[in-house]
Amino acid sequence: MKRDGSEETSTAVMQKTPIILSKPPAERSKQPPTPTAPATPPTPAPLEKPIVLMKPREEGKGPAATASASTPEGTAPPPPAAPAPPKGEKEGQRPTQPVYQIQNRGMGTAAPAAMDPVVGQAKLLPPERMKHSIKLVDDQMNWCDSAIEYLLDQTDVLVVGVLGLQGTGKSMVMSLLSANTPEEDQRAYVFRAQSAEMKERGGNQTSGIDFFITQERIVFLDTQPILSPSILDHLINNDRKLPPEYSLPHTYVEMQSLQIAAFLFTVCHVVIVVQDWFTDLSLYRFLQTAEMVKPSTPSPSHESSSSSGSDEGTEYYPHLVFLQNKARREDFCPRKLRQMHLMIDQLMAHSHLRYKGTLSMLQCNVFPGLPPDFLDSEVNLFLMPFMDSEAESETPPRAGPGSSPLFSLLPGYRGHPSFQSLVSKLRSQVMSMARPQLSHTILTEKNWFHYAARIWDGVKKSSALAEYSRLLA
């Protein structure tokens, strides 16, 4: 009976092995022992997915080619035949290939044009660096389109404009804020400063509006001098030379200046007003007039219908910074500084321009001994000394024979920080200012250019400016 039982078990084993060998059609020269039979089915299950993903992507490799040849379904390499080979192929041969193959699959599905190395390198290159300024508005007050070649489709942009009388140093200030240093030759500045020949004949170097953009995506707009009838009379009374082009009627000259100022008040985040002496009341009258004729901020129809009716909340006004250039030592006196802030605050009290609260000389450590609440009403005022004052301070007066030799080694007292230090502080203050939206939609650099072109065309055709010039005539 025992032998019969053993025979039954042996016959059962013999009956099971042919059934297992008859399932795969591929002929394998492996022995079919009973312990390995139950262990083989669970192993291919987790490896079926990598092999399914690999087969159509690895057409040129040896293992994949032989595997496809061993199956009758995979003799041809079309993708639909790929799911059949996993059942009888070699399992643990490429354990790390799924990650590599998935990356290749993403690269293979891309369009051939997108994989062009020239196009790929062009996308990685930084934007073209400007060497000098170009015209945004020419001397005939016509718009120029050459600046759009330097603009990108990104929204992180700051626009800084400048206004000021003739010879106050507008171009020099804009060059130092944008790309140049005080040690460089002024003839190499991105905005050409007034030459000696131009000073002799009383002319201005900049005409129209000049454009320059930095690698930090900050747009600088340098402008021609602002002139009005009161300013012209003041220049004549102070024996200042005037160029021949200013012999035109005062109404035409003021119209050009108002157009430029109204344009900057609409398309700039920051407008710097440069003056070289404190202060000209006609300059503040001009700023208030330009604010009055400034174009209104365009708004969509659906936003205008749902607005609360407050024009102050929807109208855009830029930051206004008063730069006192060529300041003397006594201008840095705390008492004089308080008087200057108080006077500007009183003159601009009825203005909607953001002339206070965004720039502070006390917070940037220009006056380390003054408390933060020293000024009752601090406006956006910054003092810059003469640029040539550094050369004068290099040879300070030496101490007397009876004084300590230590004091003879100290530099002379200037009453203010160095010119380079003040330029750096002003640059950091201007570049860190808030960048509010110029319109009710977020503008990219190129969108800003088209928006500015539309605003300039509207300024030239402004009915408010036309009516104002008619009243002056």
Side-chain angles (χ1 to χ4, degrees), residues 130-151 157-166 168 170-175 177-179 189-194 198 203-214 218-228 231 243 245-246 248 251-274 286-287 289-291 293-295 297-298 316 318 438-439 443 445-466 468-469:
M130 294 189 68
K131 301 297 190 301
H132 55 81
S133 60
I134 58 177
K135 284 295 180 185
L136 186 68
V137 176
D138 60 12
D139 53 355
Q140 302 297 324
M141 298 294 117
N142 296 322
W143 186 263
C144 303
D145 294 330
S146 56
I148 198 172
E149 300 176 1
Y150 299 92
L151 301 179
V157 59
L158 176 67
V159 185
V160 181
V162 66
L163 293 171
L165 304 181
Q166 177 184 348
T168 55
K170 300 182 300 299
S171 300
M172 182 200 71
V173 169
M174 297 298 277
S175 298
L177 291 179
S178 57
Y189 281 4
V190 293
F191 296 103
R192 292 187 59 189
Q194 192 179 28
M198 194 64 67
N204 57 288
Q205 190 68 45
T206 306
S207 59
I209 302 177
D210 291 344
F211 171 93
F212 184 84
I213 185 169
T214 65
I218 301 179
V219 175
F220 289 91
L221 302 179
D222 188 19
T223 61
Q224 68 183 34
I226 58 175
L227 291 173
S228 64
I231 294 177
E245 53 266 26
Y246 292 157
L248 298 172
T251 304
Y252 177 78
V253 175
E254 185 177 15
M255 279 291 293
Q256 286 188 349
S257 301
L258 284 176
Q259 287 175 355
I260 293 176
F263 171 76
L264 294 185
F265 286 166
T266 311
V267 302
C268 291
H269 298 102
V270 183
V271 177
I272 302 176
V273 180
V274 183
F286 174 83
L287 295 176
T289 305
E291 179 186 356
V293 299
K294 181 186 88 71
T297 304
Y316 171 78
L438 301 176
S439 65
L443 301 177
E445 295 179 9
K446 293 185 178 180
N447 290 340
W448 171 86
F449 181 84
H450 298 297
Y451 174 76
R454 187 167 65 252
I455 292 297
W456 178 252
D457 184 66
V459 164
K460 294 180 66 176
K461 301 177 182 177
S462 173
S463 58
L465 280 170
Y468 181 77
S469 63

Work out which heavy atom in K135 is nearest to a heavy atom in C144; give both atom names and the distance.
O-CB, 3.4 Å

How long is the span from the CE atom in M174 to the OG1 atom in T223, to the nearest 0.5 Å?
8.0 Å

Could you tell me whether the side chain of F263 reaches within less than 4.5 Å of the side chain of V137, counting heavy atoms only?
no

Interatomic distance, CG@D222 vs CD1@I272, rounded to 0.5 Å, equals 10.5 Å

For Q256 and Q224, work out which heavy atoms get closest and say how close.
OE1-NE2, 3.5 Å

Looking only at heavy atoms, the pair that brings K131 and V190 closest together is O-CG1, 3.7 Å

At what distance, to the nearest 0.5 angstrom, does OH of Y451 lie from OG1 of T266?
6.5 Å

When rounded to the nearest 0.5 Å, the distance separating NE2 of H450 from CD1 of I148 is 3.5 Å

Nearest 0.5 Å, please: how far is CD1 in I213 from CD1 in I134?
10.0 Å

Within the structure provided, determine whether M130 and F211 are in side-chain contact (heavy-atom separation under 4.5 Å).
yes

What is the distance from atom CG of L151 to atom CH2 of W448, rounded to the nearest 0.5 Å?
7.0 Å

So do the side chains of I226 and L165 get within less than 4.5 Å of each other, counting heavy atoms only?
yes

Please find the pair of heavy atoms, one from G161 and one from C268, that lie closest to each other, and give the distance.
N-SG, 3.8 Å

Keeping T214 on the side-chain end and S178 on the backbone end, is there a donor-acceptor pair under 3.5 Å?
no

Would you call L465 and L258 a side-chain contact if the rule is heavy atoms closer than 4.5 Å?
yes

Given side chains that start at C-beta, do those of L287 and L163 come closer than 4.5 Å, heavy atoms only?
yes

Pair F265, V271 - check side-chain contact (heavy atoms from CB on, under 4.5 Å), show working.
CA-CA 7 Å; F265 286 166; V271 177; 4.0 Å; yes

Work out which heavy atom in M141 is nearest to a heavy atom in K460; give both atom names and the distance.
O-NZ, 2.9 Å

Can you tell me how the ring of H269 sits relative to the ring of Y316, calling it parallel under 30°, perpendicular over 60° and tilted otherwise?
perpendicular

Give a yes or no on whether the backbone of G458 and the side-chain of S462 come within a donor-acceptor separation of less than 3.5 Å.
no

Give the C-alpha distance, both sets of side-chain angles, the deciding distance and a yes or no for side-chain contact (heavy atoms from CB on, under 4.5 Å) between V173 and V162.
CA-CA 9 Å; V173 169; V162 66; 5.8 Å; no

What is the minimum heavy-atom distance between A262 and P295, and which atoms define it?
O-CD, 3.8 Å

When you look at L136 and W456, which way does the side-chain contact (heavy atoms from CB on, under 4.5 Å) test go after all the steps?
CA-CA 10 Å; L136 186 68; W456 178 252; over 6 Å; no

